[in-house]
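Side chains are part of it too, since the values below use all heavy atoms of this structure and drop only hydrogens, waters and symmetry mates. First the proteins, then the strands, lettered A, B, ... as listed; each starts at 1.
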Amino acid sequence: MNVHEQFAEDLGLYALGTLQGEERVALERHLEECASCHRELEQLRGDMALLALSTAGPTPPLRARQRLMDAVARESRAHRVPARRWWWAAVPWVVAAALALAAVVFWRQGDRQARRIAELQSESAQQQDQLQRAREIVETLTATDAMRVTLVAAKTPPQPQGKAIYVRDRSSLIFLASNMPALPTQKAYELWLIPPKGAPVPAGVFKPDARGGATVINPPLPTRVEAKAFAITVEPEQGSLSPTMPIVMMGAGE
Amino acid sequence: MGRLYDRYSSIVYSIALRVLGDTGAAEDVLQEVFLQLWRNPGVFDSSRGNMAAWLAVIARNRAIDSLRKRRPEADIADVVVSVEPDLAGDTERARAMEKIRSVLGDMPAAQRSALEMAYFEGLTHTEISARTGEPLGTVKTRIRAGLLSLRKAFA
C-alpha cells in the first residue's frame, strides 16, 4: 500500500469534517507536502457539492431575502470594512474613544477646549470620509460580480494583460488580468514576485474565467519582500514552488 | 449581492434545510453564508472553482456546525472545491441533479446510508460504526466509495 492509498479513506472523512485526533494531525501534515492528495481533497469537496445538489428544490421564503438586504444596509451604514483591514475598523472606535475622553476633560476647562472638540470632530468626520472611500475602492476591486474592461487603442487586437498593485509594507498584492488565453484542464497560471536577489516568490495560482479575466487578491507572501518585477508562468494546476520556463508575461515597476 | 442571492440562495437554503430539518435554522445559515460573502468578497476566488459548488460545500459545513453545535471553522477562504460538471446555469444544475439522484438511487442501501449519515448528519465513522454495528474500516470505505461514485457519474 503506498502512502496515498493509506490516506485515501481518511481524506474522505477529512473533507466531510469528521476526521479527528491523531489521524487528522497526520493527514494535515501529509497534505502540506503532497500536491496529489491536496488535489484529491479538492475533488472530494467537489463530490460533496454534487451531493448537496441532490437536495436542491426548496426555495427560501421572501422574508429571508429582505432580512439579508436589511443586514447589508445596516452594516453599510455602520461603515463596514473588510475583515483583513481590522486596523481600519479600529480607527472610528479609537477616534470615538478619544473624543469621549476629550469631552470630559474639555468640559471642565472651558471654551478654548470646546473649540478643540469641534476640530477633533471635524477630523473624525474627515477620517470617516477617507475610510468610506477606501472601503468603496476595495469593494469594487474585489467584487465577484464586477465587470472588468480593458481599454486599448482602437483597432488593436485584444492582448493578454496583467496589472499587479503591490504594497510592500503591508505585503498586500492585488493582481487583475484580462484576455488571458485558456489553458488545458491540468494547468494554471502562476504569478511570481521577482525580488532583486534570490529566487522568485510564488504569488498565487489562477485560472482565467471564460472571458479570459482573473484576479488574485492578497496571496500569502513573506513579510515586506521587495519586488523588482512580476512574472507569470504556466504551471500544474496546484501551482509550483519555482517557476517552469518560459515566462509568458512579465512586468517591472513603473 | 442581490443578484448572487437570487442565483444561489436556493442551493444554500436547500442543503441547510436538509441537514437541519428546520426552516428557521436553515434561514439563519443562509443569512450567515451570504453576509460572510458580502463582508469579504475576496473570500471566494473565482479562478479556483465554481461558485455554486463552493457555496454548497460552505453551506453544508455551516449547517453541520450548527447541528452539532460546533464553533464554525474560521477560514473558509482555504476551502477549494474542484468539480467536473459546469454548475453555473440553472439547466446544467438541473441536469446534474437528475444524474446525482439516479446515482444515489442505484447505490447499495448500506453504502448510501453510511454516506448520508456522514454527510447530512455529520456523524464520525466511529459513531456510524456504533450505530450500524459494522467495522470501522468498512464504514470508512463505504463513505469514500459513495463520494467517488458521484464523481464517476460525470467522468
Identify which part of [X] has an atom lying under 4.5 Å from any heavy atom of chain A, answering side chain, backbone, both or neither.
X: B/Y5; value: side chain
X: B/R18; value: side chain
X: B/L147; value: both
X: B/L123; value: backbone

Salt-bridge criterion met for [X] and [Y] (N-O under 4.0 Å):
X: A/E23; Y: B/K140; value: yes
X: B/R151; Y: A/E40; value: yes
X: B/E116; Y: B/R112; value: yes
X: A/R24; Y: A/D10; value: no
X: A/K187; Y: A/E235; value: no
X: B/R131; Y: B/E121; value: yes

Among [options], which residue forms the greatest number of heavy-atom pairs with chain B at distances under 4.5 Å?
options: A/P58, A/G17, A/A49; result: A/P58
options: A/G46, A/A71, A/G57; result: A/G46
options: A/A15, A/G12, A/A64, A/A188; result: A/A64
options: A/T59, A/T185, A/D47, A/L41; result: A/D47
options: A/A52, A/G213, A/G204; result: A/A52

### Message
Below 4.5 Å, heavy-atom pairs only: which of B/L30, B/I11, B/T141 has the largest tally toward chain A?
### Response
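Max contact count across the listed options: B/T141.
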
With respect to chain A, which residue among B/V12, B/D6, B/I143 yields the maximal number of heavy-atom pairs within a distance under 4.5 Å?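 Of the candidates given, the most pairs with chain A belong to B/D6.
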
Q. Considering only heavy atoms, which portion of A/M69 lies under 4.5 Å from any heavy atom of chain B: side chain, backbone, both, or neither?
A.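 For A/M69, side-chain heavy atoms alone lie under 4.5 Å from chain B.
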
Original post:
Side chain, backbone, both or neither: which part of A/L13 has a non-hydrogen atom closer than 4.5 Å to chain B?
Top reply: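 Only the side chain of A/L13 comes within 4.5 Å of chain B.
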
Heavy atoms from other residues, nucleotides or ligands near CG of B/L136 exceed 12 (cutoff 6.0 Å) =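 Counting other residues, nucleotides and ligands, CG of B/L136 exceeds 12 neighbours.
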
- Query: Is the closest side-chain heavy-atom distance between B/L17 and A/T55 below 4.5 Å?
  - Reply: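 The answer is no; the side chains never approach within 4.5 Å.
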
Item to check | Side chain to side chain, A/L50 and B/F154, heavy atoms closer than 4.5 Å | outcome: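 Sidechains of B/F154 and A/L50: in contact.
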
**Report entry** B/E32 and A/R67: CA distance, side-chain angles, deciding distance, salt bridge (charged side-chain N to carboxylate O under 4.0 Å, His left out) verdict
**Finding:** CA-CA 11 Å; B/E32 207 186 314; A/R67 182 181 163 201; over 6 Å; no

Note to self: Quick check: A/F206 with A/F175 (ring centres under 6.0 Å apart)?
What the structure shows: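 Centroid distance A/F175-A/F206: below 6.0 Å, so yes.
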
- Item | Results of side chain to side chain contact (heavy atoms under 4.5 Å, CB included) for A/S54 - residues two or more places apart only |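 With neighbours one apart ignored, the set is A/L51, B/I100, B/R101, B/L104, B/F120.
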
| Sorted by number, residues from residues 22-29 of chain B in contact with chain A (heavy atoms, under 4.5 Å) |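 So far as heavy atoms go, B/E27, B/D28 are the residues that approach chain A to under 4.5 Å.
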
